[in-house]
Amino acid sequence: MTALALRLKQRGHQVILFGIADTEARVRAAGIDFHLIGATDYPFGTLQKLDQQLSELKGISTFRFTVERLKNTACMILRDGPEAVRSANLDAMLIDEADMGGNIAEYLGLPFVSIAFFPPLVQDDYIPPFCFGWNGGQNPFARLRNRLGMRLLSRIAAPIYAVVNEQRKSWNLKPLAHPTESLSPLAQITQLPEVLEFPTPSRPTNLHYTGPFVNNQQRPPIDFPWHRLDGRPLLYASLGTLQNGSEQSFKTIAEASSTLNVQLVLSLGGGLNPARLGTLPGTPILVRYAPQLELLKQAAAVITHAGLNTVLESLAEGVPLVAIPQGNDQPGVAARVAAKGAGIVIPAHKLNVPRLRTAVQSVLEENKYRAQAHKIQSEMQKINALETAANIIEAALELKPAPKPEHLPIVAPDAAPASPLQTAADRPLAPSANLP
C-alpha cells in the first residue's frame with residue numbers, strides 16, 4: 001500500500017496512510033503522511049507479538065487466528081475510524097480488502113476504491129475461496145465444492161461480520177449479507193495479475209487485475225555475504241516474514257537440498273535466530289533477512305510459502321517455484337501457480353525430505369516449469385502495475401493528476417515529512433494500512 005501511496009503522491013495527490021504504531025516508521029520513511037489510529041488497542045510492539053503467534057500455526061488454525069485478529073481490528077477501525085477520517089478532511093479513500101474501512105467510507109458518504117493484496121474476493125463458483133488450495137471449477141462437482149467452501153468460509157468469518165453489521169445497524173446502513181458487498185462499487189484493484197487467475201465467465205466489470213506493487217527504493221538495505229555465492233545454481237528459500245516459526249520446515253528444506261547440485265540461501269524472515277537451527281546439512285547460507293529482489297535475479301528456483309508478494313516477485317524474474325503453503329491465502333495462491341504450470345505445490349502436512357527433493361529436482365530439470373514462469377513473466381511485463389492502478393484510481397474517483405512542480409520537497413529516509421506535499425491538487429486520499 002505504501003508503494004501505491006508513493007506513486008499517487010508523485011502524481012500530485014496528497015496521501016495519508018492510516019495505521020497502528022508499528023507501521024508508522026516505515027510509512028514515514030517512504031515519505032508518506034501518517035495518521036495514527038488504535039493507539040490504545042495496539043501500542044508499539046503489538047504486531048510483533050501477534051505475528052509470532054501466527055508463525056507457529058498452520059492450516060485452518062491459521063485462518064481462525066487471522067479471523068480473530070480481523071475481528072479485533074474491525075472493532076477498533078469502526079470505533080476510531082470515523083473521527084480520524086473526518087479530521088483528515090478526505091476527498092476519497094483507498095481500502096485494503098482485508099480491513100473494514102469501506103464501511104466507514106459508506107457511512108461518511110466518501111467514494112472509495114478497494115485494494116486486494118491477496119486473490120480478490122469474487123462471488124463466483126468458478127473460483128474457489130482464496131484460503132483453499134483447489135483448482136478452478138469448470139465442472140458441476142467442482143463448482144458445488146466451491147459453493148460449499150464459500151459457505152464454510154462465511155461461517156468461519158461470521159464473528160467479523162457480526163461486529164461489522166452491529167455497527168452498520170447503529171449507522172442505519174443495510175447489513176452485509178456477503179463479504180463482497182463491502183467492496184467498492186466504483187473499482188476493485190488486485191495485485192494478482194490476470195495471467196495467474198482462474199478463468200471465469202462472470203468476472204465483475206469493476207475488478208481490475210494489475211501486478212505487484214513494488215518500489216525497490218522503499219526496501220531497507222540488507223547486509224548479505226555475496227562473496228559466499230560459489231557459482232552453483234542458486235536455490236532461494238523463504239517462508240515469509242509471518243508464518244516462519246517452524247524449525248522443522250527449515251531443517252527439511254536444508255536436508256532436501258543438500259544432495260542436489262545447488263547452493264541454498266535460506267532466509268528465516270526474522271522469525272527465528274539462525275543459531276537455533278544449529279549446523280544444517282549442505283552448509284546453506286543462512287540469514288535472518290535476505291535482499292530478496294536481488295537474489296531472485298540470480299535464482300534458478302524458489303522454495304516459498306506461497307505468499308503473494310514472494311510469488312509475484314519470483315515470477316517477475318521468470319523463476320519457477322516449489323510452494324509450501326502454510327495458511328490464509330497461501331493455498332489459493334499456490335493453486336494458481338500449479339494450475340498455470342509454473343511450479344509444484346506440497347501441502348505443509350505432506351512436507352518431507354524425499355517429496356521436497358523430488359519437487360526441487362523437477363522444477364530445476366524439467367523445462368516446462370521455467371517455460372511457464374517465463375510466459376507469466378512476459379505477461380506481467382506488459383503492465384506497469386503501479387501506474388495502471390493509479391490510472392484506475394484517478395478515473396474511478398474522477399481525480400486529475402496535479403501538474404508536477406519543478407522542485408518537490410526532499411524527505412530524509414529516517415525522518416517524518418515536515419508537511420504535506422504543497423502542490424497537491426486534491427485533499428488527501430487515504431489508504432488503510434496493513435492493520436493487525
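If you read the sequence from its start, that first residue is 1, and numbering goes on from there.
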message = Quick one, Leu280 with Phe250, criterion side chain to side chain contact (heavy atoms under 4.5 Å, CB included). Give me CA distance, side-chain angles, the key distance, then yes/no.
response = CA-CA 9 Å; Leu280 295 174; Phe250 290 119; 5.7 Å; no

ask   = Phe224 and Leu295: side chain to side chain contact (heavy atoms under 4.5 Å, CB included), yes or no, with the steps?
value = CA-CA 10 Å; Phe224 183 79; Leu295 285 169; 3.9 Å; yes

key: CA sep, side-chain torsions, deciding dist, call: Lys174, Glu181, salt bridge (charged side-chain N to carboxylate O under 4.0 Å, His left out)   = CA-CA 10 Å; Lys174 180 182 176 182; Glu181 293 180 1; 5.8 Å; no

request  = Please lay out, stage by stage, how Leu277 and Leu268 fare under the test side chain to side chain contact (heavy atoms under 4.5 Å, CB included).
outcome  = CA-CA 10 Å; Leu277 294 178; Leu268 303 181; 3.7 Å; yes

message = The test is side chain to side chain contact (heavy atoms under 4.5 Å, CB included); show your working for Asp91 and His13 and say whether it passes.
response = CA-CA 11 Å; Asp91 281 327; His13 303 292; over 6 Å; no

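Of all non-hydrogen atoms in Ala299 and Val319, the two that sit nearest each other are O-CG2, 3.8 Å. Summarising the geometry of Ser257 relative to Leu235, their closest heavy-atom pair is OG-CD2, 3.3 Å, with the distance given to 0.1 Å. Nearest heavy atom pair, residue Thr388 against residue Thr210, reads CG2-CG2, 4.0 Å. In this structure, Leu321 and Val363 approach most closely via the heavy-atom pair O-CG1, 3.6 Å. Taking each heavy atom of Ser249 and Leu239 in turn, the nearest pair found is CB-CD1, 3.9 Å. Across all their heavy atoms, Val345 and Pro325 have their closest contact at CG1-CD, 3.9 Å.
Judged by distance alone, the side chain of Gln377 and the main-chain N or O of Leu315 form no donor-acceptor pair under 3.5 Å. Remark: the backbone N or O of Ser184 is paired with a side-chain donor or acceptor of Ser114 at under 3.5 angstrom. A donor-acceptor pair is defined here as one N or O able to donate and one able to accept, closer than 3.5 Å; such a pair exists between the side chain of Gln326 and the backbone of Ile324. Formation of a donor-acceptor pair under 3.5 Å by the Lys9 side chain with backbone atoms of Gly31 is found in this model. A donor-acceptor pair under 3.5 Å is formed between the side chain of Asp22 and the backbone N or O of Leu47. Of the possible donor and acceptor atoms, none in the side chain of Arg168 sits under 3.5 Å from a partner among the backbone N and O of Asn103. The main-chain N or O of Glu247 is never found under 3.5 Å from a side-chain atom of Arg276 such that the two would form a donor-acceptor pair.
Side-chain atoms of Asn135 and Arg145 form no donor-acceptor pair, as typed in the model, at a separation below 3.5 Å. No side-chain donor from either of Ser378 and Gln381 sits under 3.5 Å from a side-chain acceptor of the other.
Counting non-hydrogen atoms of other residues, nucleotides and ligands closer than 6.0 Å to CZ of Arg147 gives a total above 12. More than 12 heavy atoms of other residues, nucleotides or ligands lie within 6.0 Å of CG in Asn139, so this atom counts as buried by the packing criterion.
No salt bridge links Glu197 with Arg203; every basic N to acidic carboxylate O contact stays at or beyond 4.0 Å. Glu379 has no carboxylate O lying under 4.0 Å from a charged side-chain N of Lys340, or vice versa, which leaves the two without a salt bridge. A salt bridge is absent between Lys251 and Glu255; no separation between the charged side-chain nitrogens and carboxylate oxygens falls under 4.0 Å. Between Glu166 and Lys169, none of the side-chain N atoms (NZ, or NE/NH1/NH2) sits under 4.0 Å from a carboxylate O, so this pair counts as no salt bridge.
Classification of the Trp171-Tyr107 ring pair by plane angle, with boundaries at 30° and 60°, yields parallel.
Here the straight-line distance linking atom CD1 of Ile344 with atom OH of Tyr369 works out to 3.5 Å at 0.5 Å rounding. Between atom NE2 of residue His35 and atom CG of residue Asp33 there is a gap of 11.5 Å, rounded to the nearest 0.5 Å. Here the CE-CG distance, from Met93 to Leu108, works out to 8.0 Å after rounding to the nearest 0.5 Å. Taking OG of Ser267 as the reference point, atom CD1 of Ile303 lies at 12.5 Å (rounded to 0.5 Å). If you take CG on Asp125 and CZ on Arg143, they are separated by 4.0 Å, rounding to the nearest 0.5 Å. Atoms CZ and CG, on Arg336 and Leu196 in that order, are 8.5 Å from each other to the nearest 0.5 Å.
At a threshold of 4.5 Å between non-hydrogen side-chain atoms, the residues Thr73 and Tyr42 count as touching.
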